[in-house]
**Student:** 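Here it is: the structure, laid out below.
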Amino acid sequence: LAVAAKRMIEKDGASIVVVLGMPGKEPIDKQCAHEASQGIMQAQLMTSTPILEVFVHEDESDDPMVLASVFLNRSRSHARNAYWMLFEPEQLAKRAGQGVRQGFTNAGPLEGN
Amino acid sequence: LAVAAKRMIEKDGASIVVVLGMPGKEPIDKQCAHEASQGIMQAQLMTSTPILEVFVHEDESDDPMVLASVFLNRSRSHARNAYWMLFEPEQLAKRAGQGVRQGFTNAGPLEGN
Amino acid sequence: LAVAAKRMIEKDGASIVVVLGMPGKEPIDKQCAHEASQGIMQAQLMTSTPILEVFVHEDESDDPMVLASVFLNRSRSHARNAYWMLFEPEQLAKRAGQGVRQGFTNAGPLEGN
Amino acid sequence: LAVAAKRMIEKDGASIVVVLGMPGKEPIDKQCAHEASQGIMQAQLMTSTPILEVFVHEDESDDPMVLASVFLNRSRSHARNAYWMLFEPEQLAKRAGQGVRQGFTNAGPLEGN
Amino acid sequence: LAVAAKRMIEKDGASIVVVLGMPGKEPIDKQCAHEASQGIMQAQLMTSTPILEVFVHEDESDDPMVLASVFLNRSRSHARNAYWMLFEPEQLAKRAGQGVRQGFTNAGPLEGN
């Protein structure tokens, strides 16, 4: 994923990349996901270009219907975030610190704030 | 966070960056926080510019009021540290090795010193 | 593995590399495999060239016959993927998101999709 | 620590740097120490300059007097090592493989040698 | 270790480096060994030069005589490998996939092969 994203930035001139993946639930799958995330982080730093990682972990739910809806939800939110980052960054500033999450319901801001 | 901080340094000429985040308490959140920290470390090394990471972990307290006050406290201390690093580095030298912490009370110096 | 793959790309002009390995089942073996994977990730990013990692972990099965067949299977699939990446990328696009795995049977797509 | 050491090498022309730190005993402290160590490793590799990391972990002893004496001891040994690396490298060659440790008593060479 | 190996490659023109180390058995020793391995990996990638890591972990055996003999054995095998890599690479190709190990007895090839 990381090298593919880096190539899209370098060779196709992408200003932002959204990568999608669904890591399995075994320990080895989790380690691969961790390595993928580290690679995506490095690809971002090497290119100074944001790469949004949309991972839905197979063990976030036992129900495939729920997983599919989380995936849809999360991909949509990140696609919208990608759009905002490029064209309406003020939309993101407005939402910072409000506990807005992608995929399930939001966590909300700290009540003590 | 890391790539955003790196862009502020490269494109906006920032001399120091303070990044704020509140990692959740699930294992996957902790792993993401770890990856973010590694990215911030790399961004610092690539730019030779300090990036102060202010993370309050959701499980540092069960009480949202406490969390909010730790966050306020820690952000203030780091913002002051950022100022000192740029304009009054002798303030930091004075405090080194004294067990000064950000967010809760200080640990204090080793008594055997 | 990583540095050997990087040298093949740099010195022999390889457009893609497939690396094969069989990590043992002890914790220290797993850590070495993790370090190898991180190195392969970095080699890919440094060269912007894909390196396909084909690892069969010794503890994926107790039966050496099964291990050997998984290895054969997985190596073949990755070799075919390498060919597709270079010459028929549309073959991969067609299979994305369908839960196609290498080595054992496929996971299949999410039913809720 | 890592970026400060890198700046001393790049901007102040240091030939070697000794960094001191005392990581706390909580899991999050240990992770931060791990990230710091990785950063120090990268700073060394990026500058091809040695950075000696002197960490005393808060849980190496329950007694602050012991911790303070370990810290003193270990800092002294590393400062001496830094001097030897630059000016008398043969002193280090003589001690290699002899199980010489910094802070507590030495481990000694393998008896079977 | 990593930076010393990198300097030997850069400054002394080494074509291959063999590094020797004996990590202790405490968790903190294991983490240091992991960080050292990651550094050695990075040094290899940065220089595109092989660095053979010969680590004997203190907990591979309780008997110092055994440890010493493993160390001797493993160092010899790696030194021979280093020689082969430079001057007789066909020797390594012949042994690939045969489960040849350094230090203890060999694992042997998969029977199902």
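Every chain is numbered from 1 and lettered A, B, ... according to where its sequence line falls, protein lines coming before strand lines. The figures here come from the full heavy-atom set of this structure, side chains too, leaving out hydrogens, waters and symmetry mates.
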**Student:** Could you tell me which of Q42(B), E53(B), K30(B) has the largest number of non-hydrogen atom pairs under 4.5 Å with chain D?
**Tutor:** Q42(B)
**Student:** Using a 4.5 angstrom heavy-atom cutoff, name the option from G39(D), C32(D), A4(D) with the most pairs to chain B.
**Tutor:** G39(D)
**Student:** With rounding to the nearest 0.5 Å, note down the distance linking CD in E35(D) to CD1 in I40(B).
**Tutor:** 9.0 Å
**Student:** Which bit of M46(B) is near chain D, if near means a heavy-atom gap under 4.5 Å: side chain, backbone, both or neither?
**Tutor:** both
**Student:** When rounded to the nearest 0.5 angstrom, what is the spacing between CD in Q31(D) and CD in Q38(B)?
**Tutor:** 8.0 Å
**Student:** Supply the atom-to-atom distance K6(D) NZ to Q44(B) CD, rounded to the nearest 0.5 angstrom.
**Tutor:** 10.5 Å
**Student:** Looking at V3(D) and T49(B), what are the two nearest heavy atoms and their distance?
**Tutor:** CG2-N, 3.7 Å
**Student:** Could you measure the distance from the CG atom of L45(B) to the CZ atom of R7(D)? Nearest 0.5 Å is fine.
**Tutor:** 11.5 Å
**Student:** CD1 of I28(D) to NE2 of H34(B): how many Å apart, nearest 0.5 Å?
**Tutor:** 10.0 Å
